[in-house]
Structure formats: structure tokens, C-alpha cells
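Here the structure is laid out as C-alpha cells; the discussion comes afterwards.
The residues of the chain are indexed from 1 along the displayed sequence.
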Amino acid sequence: MSHQSYLLFELGYACYGISTSAVQELFFLPEVTPIPEAPAFMVGVINLRGHILPIVDLHRRLGQQSLPYQLTDSIIVVQWQTQRVGLLVNQIYEVQAIADEQIQSELVYEQWQAEGFQRFATGVASIGTTLVTLLSAEQLVRSGALTPAERAQFESYNNNGASSTGAIADNALRTLPQFCAHLTDSAQHILRSRSESLRQAIATQDTVGIPVTIVRLEGEYFGFSLETVYEFTDIRKVTPVPCCPPHVLGNTNLRGEIVTLVDISHVINLPMTASNSRRRAIVVRLDEIVAGIAVDEIMDVVYLDSTQILPAPVAIHFASDEYLQGVAPYQNKMIGIISLSKILTSGVLVVNED
């Protein structure tokens, strides 16, 4: 059975999905700079580490009524070939593997569409009791990218009159409506702070970006590289496995496939609590190895530049620090970046049959 991973998100109380192969990073809504004469679906642009990123209101792009923007809204950065756009959505759920058999690509409404109608939906998937509309990253990026004239216009304004936060100060643009004017002053400040954080340029242009999921485990935050992550899922019914050590929580049925859930707390020198305290699992696939890493909560998915990952200070080294790739900033703290592939292949989780 063939599967493909999708990032699921909410838009106007409906669930949508987009292939994770096109997703570069995720972050909460920042302050956005409007562009004169831009299409109605384009909210504006942001300065993402020195690169102009157009922000598309996905409600409007799909022909729906837009909802008032909130601090809890998110941006999904999607790339197709050399073009990128940011899709403004209401809430991001999780990564989900969807089998081809779950997707219906033939949609009955197509027979009523006018010739040349731009189709963004590639099909509808059934996941339990939820219907998920799957969207084409190619169509969304191609329709939302800046034209050469729009890009040149913004670069001109940004170079000749922009503030450090990327807000345009040119007199000709002062008549544009303020972004999220309905929010309070404190909320506006949060948007500007997010914008400034995203604007900070990368020192080295040729560095490699690493997608990382941020998780909470025993009250501590850690980052797991997404290179081996297959999907995120809730922990529901778990069947204990007799005569196994405490780090083997049991087996769970993931759409017909039996997956063993493990607790890696002892590997990274954290105390192990009762197995029923874990609510989420990160399903990892590495060659023939399939396992579920149990965590308390999945907090975020971010895109770290490799220069942001620093060697761990000597003071926090521990016996199993070969699994620690380094430390990186997240919000107002430094978190450890853990290599799941090293943990899975090291044998530290293997059960001794004797």
C-alpha cells in the first residue's frame, strides 16, 4: 500500500492537507507589509531572512470569505521549483500519512466548472470520520508568486524607505490600511516582534536548512530532526508487551500496522513516568525499523539554519550525548537537538531476549 505524507491544517473550520515534500517551514503570523495594487488574495509580503516572501490568504485564494486575522493564525511556507509563498491558515494540526486508497481524485463538481478554471484541489481523503481536501502545492505557489514588477516595486520601497522591521515608510504607502488594525496594541507588538525575528538575515547564504519538530518531554523541550519522521499521531489504545523493559510502552494499531511505542526518556537522562502520561507519538521509519516515539506534546515545526545549531556546552554533556546533535535557540530558551536515527540504530532500545 503506497502512502504519502501530508501536513494537515484548518481553514474556516474545514480540514485541508498539502504534501510535506513542498513544505519548508511553519511559523505563527507575523506583521505583513501590504503591496499596492496586489491581487485581493495577497495579504502582502514579509522579509524572511533577507528574502521577500509573498503571503497569500488561503481563504480568499480558494474563493471563500476571509476571517479576521488572529495571533493564533499560522503561515505555511511552500516551495515549488524556485518559487515560494506563505499560506495564511487558521491552525496547523499535524503530519499524517495518507494511503492512495483513501483519496478520491475524481470530484463530481468538475463537470460544472468553466473551461480553464484553476483547480487547486487534487482530491479528498477520508481519515476516520474527517474529510480532508488535498491541495496542489504547484498551483498555489504558481498563482501566489510575485510578478517581476511586484518584486521590483517592493525591493525599491524596502531599500529606500523601510524600517528595520520591514514596514514601508514611503509617503505613497501611508494610505494603505494597517495590517490587523482590529487587534490591540499589545497584539500588534507581538506581530512586529515576530516579523523582526523572521527578518534577521542568515550570515552564510550557502548554509543548509534543517526541518525540526519541537516536542515537550518531562517538562523539557527538545528538537527532533524530521529526516526520519513519518507522521505524528495521538496515542490511543496501547497493548502492553509482556516481559519487556519499562521503555517499551506497548503496541498500537496504526491503520492496520502494528507499531511499538517506546519512551526515550532514559536515553536522554530524563526520569521515566507512568506510561499513560504520554499523549502523542512521532512515528519514525528508518530502513526496516518502524517505531513510535512517545512524547507529552508536539509543540511546533521549525526550519533551523545549520549555523543555529551549536555544540552542546560541556556543562550539559551526559553519558549518552552521542545522540545530541547540538543545541539551538527556540523562543527564549536553548533546546537540545536529538538524533532519532542514532538512537534507533545504536541498539540502546533493543530488548535483550534473555
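- Leu134 and Ile18 fall into different hydrophobic clusters, where Ile, Leu, Val, Met, Phe, Trp and Tyr are joined by side-chain heavy atoms under 4.5 Å apart, directly or via other members.
- You'll find the side chain of Arg84 stays beyond 4.5 Å of the side chain of Val78, heavy atoms only.
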Given side chain to side chain contact (heavy atoms under 4.5 Å, CB included), test Val23 with Ile76 step by step and report yes or no. CA-CA 7 Å; Val23 176; Ile76 304 173; 4.0 Å; yes
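- Side chains of Gln4 and Ser19: a donor-acceptor N/O pair is present below 3.5 angstrom, by distance only.
- Ring geometry, Tyr221 versus Tyr330: the interplanar angle falls from 30° to 60°, so the pair is classed tilted.
- Side chain to side chain, Thr260 and Asn251 meet the donor-acceptor criterion of an N or O pair below 3.5 Å.
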Does the pair Leu67 and His59 meet the rule for a side chain to side chain contact (heavy atoms under 4.5 Å, CB included), with working shown? CA-CA 8 Å; Leu67 299 176; His59 279 106; 4.0 Å; yes
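- One finds the CD1 atom of Ile264 at 4.0 Å from the CD1 atom of Ile343 (value rounded to the nearest 0.5 Å).
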Start with the C-alpha distance between Tyr69 and Phe179, add both sets of side-chain angles, then the distance that settles ring pair (Phe, Tyr, Trp, His ring centres under 6.0 Å), and finish with yes or no. CA-CA 9 Å; Tyr69 303 140; Phe179 179 69; 5.8 Å; yes
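- No more than 12 heavy atoms of other residues, nucleotides or ligands sit less than 6.0 Å from atom NZ of Lys237.
- Here the side chains of Leu48 and Arg199 are not in contact, with every heavy-atom distance at 4.5 Å or above.
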Working note: Phe27 + Arg194, criterion side chain to side chain contact (heavy atoms under 4.5 Å, CB included); need CA distance, chi angles, decisive distance, verdict. CA-CA 9 Å; Phe27 46 81; Arg194 292 173 178 175; over 6 Å; no
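- To the nearest 0.5 Å, the span separating CG on Leu11 from CG on Asn90 amounts to 5.5 Å.
- Test Ile282, Val283, Val215 against Phe232 for side-chain contact (heavy atoms from CB on, under 4.5 Å) and you get one pass: Ile282.
- Taking the charged nitrogens against the carboxylate oxygens, Asp296 and Arg280 have no contact shorter than 4.0 Å, which rules out a salt bridge.
- Between Arg49 and Glu196 no salt bridge is recorded (no basic side-chain N to carboxylate O distance below 4.0 Å).
- In this model, no donor atom of one side chain and acceptor atom of the other lie less than 3.5 Å apart for Arg142 and Gln83.
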